[in-house]
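Naming: A, B, ... by sequence-line order, numbering from 1 per chain.
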Amino acid sequence: MSISTDDAAKVAGLARLNPAPEKITQFADQFNDILDYMQKLNELDTSGIEPLYTPVTHETVFRDDEVLKEYSREELLGNAPETDGNYFIVPRIVG
Amino acid sequence: MSAYEAVIGLEVHAQLRTRTKIFCSCSTEFGREPNSNVCPVCTGMPGVLPVLNRRAVEYAVKMGLAVDCTVNPRSVFARKNYFYPDLPKAYQISQYELPLAEHGRLRIATNGDEKTIGITRIHMEEDAGKSIHSATENKSFVDLNRTGVPLIEIVSEPDLRSADEAVAYLKALRAILVYLEICDGNMEEGSFRCDANVSIRPKGALELGTRAELKNLNSFRHVHKAIEYEISRQAVLLVDGEKVTQETRLFDVDKGITVSMRGKEEAHDYRYFPDPDLVPLLIAPELLADMGRSIPELPQAREARFITEYGLPEAAAQTLTAEKDLADYFEAATRLYPEPQKVSNWILSDLLRELNQAKTAAVDSPLTPEHLAELLGMIDSGQISSRIAKQIFPDVFTTKASPQEIVERKGLAQISDTGTLEAVVDSILTANPKEVEAFKSGKTKLMGFFVGQVMRQTKGQANPDLVNKLIMEKLQ
Ligand SMILES: [Zn+2]
């Protein structure tokens with residue numbers, strides 16, 4: 001499997017990025033380098049081995065269903081580029 | 001259309017009734033000021049970590065068991081990547097390859113036919129927020145209160161063949177969620193939402209047709225209408241030799257049609273991958289056993305019991321058990337007044353009418369089971385006629401006053417005093433000599449006329465048995 005510049009442009013589009021054409025070529029090459037390396041790992045026979053979803057080995061951590069409020073609305077809205085004190089305001093999105 | 005059969009699968013999102021969100025300690029309370037139930041986790045601040053709500057997991061497991069799913073001892077949370085401002089992390093935490101529960105089933109009945117619908121999977125995920133779009137400015141207003149509220153998505157097999165079956169399935173599913181007390185089932189407020197995948201194929205064909213995904217179905221009626229419309233729309237296309245396009249279509253409530261969202265929506269490429277912030281979810285055998293024990297009698301079992309234990313007709317048992325609180329109401333009233341048939345009749349006619357008018361659930365009924373039992377007892381003791389009971393029913397409902405109080409306040413107690421009634425009967429007979437004559441010469445049907453006149457004069461308060469007796473005596 002190899003990544004074409006079209007594939008790289010599509011991935012950039014999905015991430016809402018608009019890189020210059022020479023960057024697209026560069027990224028496609030880098031993708032392919034990574035895939036080549038993965039191909040090498042693929043040479044190992046992993047049949048019968050469970051896929052590793054996380055290197056963390058501890059078990060499921062649960063939280064009790066108890067309400068806790070650590071920050072005020074003002075503090076949270078304070079990080080927004082634009083707010084009216086009630087809402088986060090963003091450029092209009094078609095609904 | 002008869003040359004085609006419809007193939008329908010449903011995706012249901014049910015909001016779990018936990019106190020807090022799925023991955024943070026924010027309250028899930030509905031209707032609060034915008035952005036008052038938010039924290040760094042659910043606003044997607046950098047460097048925060050999600051921590052799973054135990055109760056959300058318990059509720060999801062309960063639902064899995066209630067619909068005969070296999071609950072996976074190990075499931076994995078995944079990121080579903082897409083951009084939308086009401087999803088501040090730019091991904092939704094969901095489950096993909098390894099869902100919490102799989103391979104369940106649900107029995108439904110439509111027009112007397114029973115059928116089992118497969119449930120493909122139940123997985124856990126977080127809800128998104130809400131946006132309001134300005135009509136005048138280039139602005140959208142984002143409220144993240146709902147962001148991170150726990151959901152389960154319940155995906156059915158494409159086993160449904162008609163709009164009727166789809167609605168029966170949804171009602172059965174909703175009833176179970178409400179019985180388990182894990183979801184309030186409110187479709188209008190969006191705590192129980194449904195998308196429908198609809199395709200058609202020539203009758204007898206095995207291959208599936210191209211499907212359309214229907215959205216914006218926020219009542220059972222809309223689900224029914226949208227599916228019926230979509231089936232006929234696709235049939236017309238195929239008959240005309242055209243093709244059905246795989247697409248998402250919105251139900252237009254006013255026009256009763258489905259409309260393509262084409263152009264408004266790009267092809268989805270969610271690029272799911274396991275969420276590295278969350279370790280796999282392990283369901284311990286003890287938790288599974290605990291949840292299994294906590295499952296109450298479910299609606300279909302309760303319906304069957306209402307038929308055998310109380311001798312109710314099937315239709316009545318079905319209506320009474322469709323909503324848990326109505327079934328509870330019936331059983332509470334029946335304990336106080338052990339004539340199930342009578343209690344059922346009064347609930348199905350009078351109580352449901354008042355509840356519907358007031359848009360109130362049975363659990364909040366101002367006319368309590370105690371009131372109903374008292375009212376029925378007053379009829380039996382002859383204190384009031386059933387006509388008066390029907391008449392004061394709405395008064396009890398609106399004022400919350402006891403039937404006894406209302407009868408006394410309005411002076412509606414039944415007149416069972418012979419002297420008083422005799423005077424009324426005499427005056428009626430004197431005022432209608434022709435009818436008296438006719439009765440005596442054999443037109444006994446006129447009895448009803450005399451009783452009616454007495455009732456009218458006493459505003460329905462006369463004891464009908466006594467009135468009958470008095471008239472017979474006078475006319476013999
Ligand atoms: Zn939060």
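Proximity of A:Arg63 to B:Leu52: side-chain heavy atoms (C-beta onward) are nowhere separated by under 4.5 Å. Residues B:Val57 and A:Phe62 have side chains in contact (heavy-atom distance under 4.5 Å, counting atoms from C-beta outward).
Residue B:Phe273 does not touch chain A at all, counting heavy-atom pairs closer than 4.5 Å. For B:Val51, the parts lying under 4.5 angstrom from a heavy atom of chain A are both the backbone and the side chain. There is no contact between B:Leu49 and chain A, counting heavy-atom distances below 4.5 Å. Residue contact with chain A, scored on non-hydrogen atoms closer than 4.5 Å, involves the side chain of B:Thr43 exclusively. Interface remark: B:Pro88 contributes no atoms to any contact with chain A (heavy atom separation under 4.5 Å). For a residue to count as touching a neighbouring chain, one of its non-hydrogen atoms must lie under 4.5 Å from one of that chain's; by this rule B:Glu29 does not touch chain A. Using a 4.5 Å cut-off between heavy atoms, B:Glu97 contacts chain A through its side chain alone, with no backbone atom that close. Only the side chain of B:Leu144 comes within less than 4.5 Å of a heavy atom in chain A; its backbone stays farther off.
Under a 4.0 Å N-O distance rule, the pair B:Arg55/A:Asp64 does not qualify as a salt bridge. Taking a cutoff of 4.0 Å between a charged side-chain nitrogen and a carboxylate oxygen, B:Arg54 and A:Glu66 do not qualify as a salt bridge.
In this structure a side-chain-to-backbone donor-acceptor pair under 3.5 Å is present from A:Lys69 to B:Ser36. A:Arg92 contributes no side-chain N or O that, together with a main-chain N or O of B:His133, makes up a donor-acceptor pair within less than 3.5 Å. At least one donor-acceptor pair under 3.5 Å links the side chain of A:Thr60 to the backbone N or O of B:Leu282.
Ranked by heavy-atom pairs shorter than 4.5 Å toward chain A, the options B:Pro276, B:Ala284, B:Pro280 are led by B:Pro280. Counting heavy-atom pairs closer than 4.5 Å to chain A, the top residue among B:Pro274, B:Pro40, B:Ser131 is B:Pro40.
Taking a 6.0 Å sphere around CG of A:Asn18, one finds it holds 12 or fewer heavy atoms contributed by other residues, nucleotides or ligands. No more than 12 heavy atoms of other residues, nucleotides or ligands sit less than 6.0 Å from atom OH of B:Tyr96. Enclosure of atom CD in B:Glu188 is not indicated, since only 12 or fewer non-hydrogen atoms of other residues, nucleotides or ligands lie within 6.0 angstrom. For A:Tyr71, the OH atom is loosely surrounded, since the number of other residues' heavy atoms within 6.0 Å does not exceed 12.
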Tabulate below the donor-acceptor pairs under 3.5 Å that side-chain atoms of residues 81-90 of chain A make, not counting sequence neighbours, or state none.
from    : atom 1 : to       : atom 2 : distance (Å)
A:Glu82 : OE2    : B:Lys139 : NZ     : 3.0
A:Thr83 : OG1    : A:Gly85  : N      : 2.9
A:Thr83 : OG1    : A:Tyr87  : O      : 2.7
A:Asp84 : OD1    : A:Asn86  : N      : 2.9
A:Asp84 : OD1    : A:Tyr87  : N      : 2.8
A:Asn86 : OD1    : A:Arg73  : NH1    : 3.3
A:Asn86 : OD1    : A:Arg73  : NH2    : 3.2

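Between the side chains of A:Asp65 and B:Thr18, not a single donor N or O lies within less than 3.5 Å of an accepting N or O.
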Note to self: side-chain contact (heavy atoms from CB on, under 4.5 Å), that's the test. Do A:Leu76 and B:Asn35 meet it? Break it down for me.
What the structure shows: CA-CA 9 Å; A:Leu76 281 146; B:Asn35 294 304; over 6 Å; no
